[in-house]
Colleague: 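Okay, handing you the structure first.
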Amino acid sequence: MTQSASLALASHYLTSYPTEAARAIDSLPKQEVLRYLALLEPEAAISVLNGLTPMHGAAVLAELPEDLQEAILAQPERNRALVLLGQLSAEQQTDTLDRLPRSLAAQLRQGLEYPEATAGRLMDTRVFSLPEETTVGDTLLMLRKGDRDPMSVHFIKLLDSENRLTSLVDVRKLGFASPETLLSSLASSVPATVGPMDPREEVVQKLQSHDLEELPVVDLEGQLLGLVRHSSLLQALKTEATLDIQTMVGASKEERALSSSWFALRKRMPWLQVNLLTAFLAASVVGFFEQTIATFTALAVLLPVVAGQSGNAGAQALAVTMRGLALREITISHWFRVMRKEINAGFWNGVAIAVTCGIGVFLWSGSLGLVLIIAVSMVISMVAAGMAGALVPIVLSRLGQDPAVASSIILTTVTDVAGFFSFLGIATALSGMLVAT
């Protein structure tokens, strides 16, 4: 058979049976696949390229002429285009998108950007995936010739004829199998997957519950989009934790230690103004009991003690509750159990602190009235602080807000108001005892 007849037959086969033909040429070198695609019309070339595994298809895509690249990436099956783009390196993605029409490039860039704190934002799109019928010998050859770090390949992802994820092969098994062994005979089931829009909390839960090193991300049709690696998730959680430290006190997530002073001013000032208003709210409680303080000046000395202790107790409850929400140890539905636990802790901590504080106040003032006031108010304020520390982040989560955002500012106001009101309210009620002692 002449070469022209052979190419004509290959062209007819690729055009008539694109999916079957794609599986047949998927293991061929990239340059040979490019030679076959050059025989086809753009529509047929797209069908064949869609049948290749994403890893191989992306390598072929990067070498195609610009007009064929544009036709493939503009296909109605937009998710397939995103899968192919995702397999490219960041530099290759940029070069490819820069050559496309502006509107198409903008759509594809938007498709590659998933919301914050989702599996799509955390995933690594460059995945080593192969057809189920690939042999161990061919796999080892591709691993040796590949441009990726071999240490990053822990499991080989096996795909069916529709490029859907079906099973996994531990790469360590390859060393004990003969070159003719099919990967499908070494495969094990996929323990868990996530979608690209699934929240980070669900990724954490599945990685922990199944004790996985990596978690596949698939679309609604089961096609493999990428992997969330354990190391990437840990780094994301570490970054989020440090950002929470900033947002808890009203600083912006975007601010860095070397940001400009003007940037820091613009981001911090709104929350400082809010904090000023809440401080006035707490101070108004003191103003409400101005007559009591003027009559018994010792109350002004003890007032910061109650406020300080209740603030510390509230901050402890807040930190524990926020950590529970972040790690999904608790959900909003656990609000009553969490609140009950913090009320009990606040009560017994309040009793213990009240005993110690009462002894100190009696030695200082010799007034049983002051001892009774500060003891009772300490217990009440610490119970209120524990309840506030548990409820503030849960309520913010229920309202759809980030529980870390300025939660300490809200908590400070609540605990100060509770501490001041309980202390001064009890002092007013027991003013007759204060006079007698």
Colleague: Quick one: does S381's side chain have a donor or acceptor within less than 3.5 Å of a partner on S377's backbone?
Modeller: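 Confirmed, S381 side chain pairs with S377 backbone.
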
Colleague: Please answer whether the main-chain N or O of P191 pairs with a side-chain N or O of S189 as donor and acceptor at a distance below 3.5 Å.
Modeller: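 Checked: no pair found.
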
Colleague: Find out whether L174 and L140 are in side-chain contact, i.e. whether some heavy atom of one side chain is under 4.5 Å from a heavy atom of the other.
Modeller: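 Yes, side chains in contact.
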
Colleague: Check S178 against V136 and note the closest heavy-atom contact, atom names and distance.
Modeller: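 What the structure gives for the nearest pair is O-CB, 3.5 Å.
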
Colleague: Strictly below 4.0 Å, N to O, side chains only: are E70 and R99 in salt-bridge contact?
Modeller: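 A salt bridge is absent here (no side-chain N lies under 4.0 Å from a carboxylate O).
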
Colleague: Is the closest side-chain heavy-atom distance between N163 and P54 below 4.5 Å?
Modeller: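 Yes, at least one pair of side-chain atoms sits under 4.5 Å.
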
Colleague: Look at the side chain of D219 and the backbone N and O of G195, then say whether any donor-acceptor pair between them is shorter than 3.5 Å.
Modeller: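 No, because the side chain of D219 does not come within donor-acceptor range (under 3.5 Å) of the backbone of G195.
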
Colleague: Please check this pair: side chain of S185 against backbone of T181, looking for a donor-acceptor N/O pair closer than 3.5 Å.
Modeller: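 Answer holds: no.
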
Colleague: Would you kindly say whether E132 and T166 are connected by a side-chain donor-acceptor distance under 3.5 Å?
Modeller: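 Checked: E132/T166 side chains pair up, N/O donor to acceptor below 3.5 Å.
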
Colleague: How far apart are the closest heavy atoms of A390 and A317, and which atoms are they?
Modeller: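 A390 and A317 have their closest heavy atoms at N-CB, 4.2 Å.
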
Colleague: Under 3.5 Å, side chain of T139 to main-chain N/O of T135, donor-acceptor pair present?
Modeller: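 Yes.
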
Colleague: Does a salt bridge link K30 with E63, judged by any charged N lying under 4.0 Å from a carboxylate O?
Modeller: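 Yes, this pair counts.
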
Colleague: Mind listing the closest non-hydrogen atom pair of I374 and C357 along with its distance?
Modeller: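 What the structure gives for the nearest pair is CD1-SG, 3.3 Å.
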
Colleague: Check whether any side-chain heavy atom of M378 lies under 4.5 Å from a side-chain heavy atom of V305, and answer yes or no.
Modeller: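 They are in contact (side-chain heavy atoms under 4.5 Å apart), so the answer is yes.
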
Colleague: Search all heavy atoms of K173 against all heavy atoms of L186 and return the closest pair with its distance.
Modeller: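 In this case the closest contact between K173 and L186 is NZ-O, 3.2 Å.
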
Colleague: Is a donor on one side and an acceptor on the other found under 3.5 Å between the side chain of R23 and the backbone of D160?
Modeller: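 Judged by distance alone, yes, a pair lies under 3.5 Å.
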
Colleague: Any non-hydrogen side-chain atom of P131 less than 4.5 Å from a side-chain atom of L158?
Modeller: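 Heavy-atom side-chain distance check fails, nothing below 4.5 Å.
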
Colleague: Between E214 and K157, is the closest basic N to carboxylate O distance under 4.0 Å?
Modeller: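 Counted as a salt bridge, because a side-chain N and a carboxylate O are separated by less than 4.0 Å.
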
Colleague: Say whether, by atom type as modelled, one donor and one acceptor occur between the side chain of Q69 and the main chain of T96 under 3.5 angstrom.
Modeller: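 No; judged by distance alone, with no hydrogens or angles, the pair does not exist.
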
Colleague: Does the distance from a Lys or Arg side-chain N to an Asp or Glu carboxylate O, for R144 and D138, drop under 4.0 Å?
Modeller: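 Salt bridge flag = no for D138 with R144.
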
Colleague: P216 and side-chain contact (heavy atoms from CB on, under 4.5 Å): which partner among L227, V127, V228?
Modeller: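 Considering L227, V127, V228, a side-chain contact (heavy atoms from CB on, under 4.5 Å) with P216 is found only for L227.
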
Colleague: Might you point out which heavy atoms bring S167 and S188 nearest each other, and give the distance in Å?
Modeller: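 Where S167 meets S188 most closely, the heavy atoms are CB-O, 3.2 Å.
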
Colleague: Looking only at heavy atoms, what is the nearest atom pair of F155 and D170, with distance?
Modeller: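 Minimum heavy-atom contact is CD2-CA, 3.7 Å.
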
Colleague: Would you mind reporting whether L100 and E66 have side-chain heavy atoms less than 4.5 Å apart?
Modeller: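 No, their side chains stay 4.5 Å or more apart.
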
Colleague: For the pair K206 (side chain) and T193 (backbone), establish whether a donor and an acceptor sit closer than 3.5 Å, ignoring hydrogens and angles.
Modeller: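 At least one qualifying donor-acceptor pair exists.
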
Colleague: Counting N and O atoms only, with roles assigned by atom type, does the side chain of T321 sit under 3.5 Å from a partner on the main chain of L318, one being a donor and the other an acceptor?
Modeller: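 Such a contact is absent between T321 side chain and L318 backbone.
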
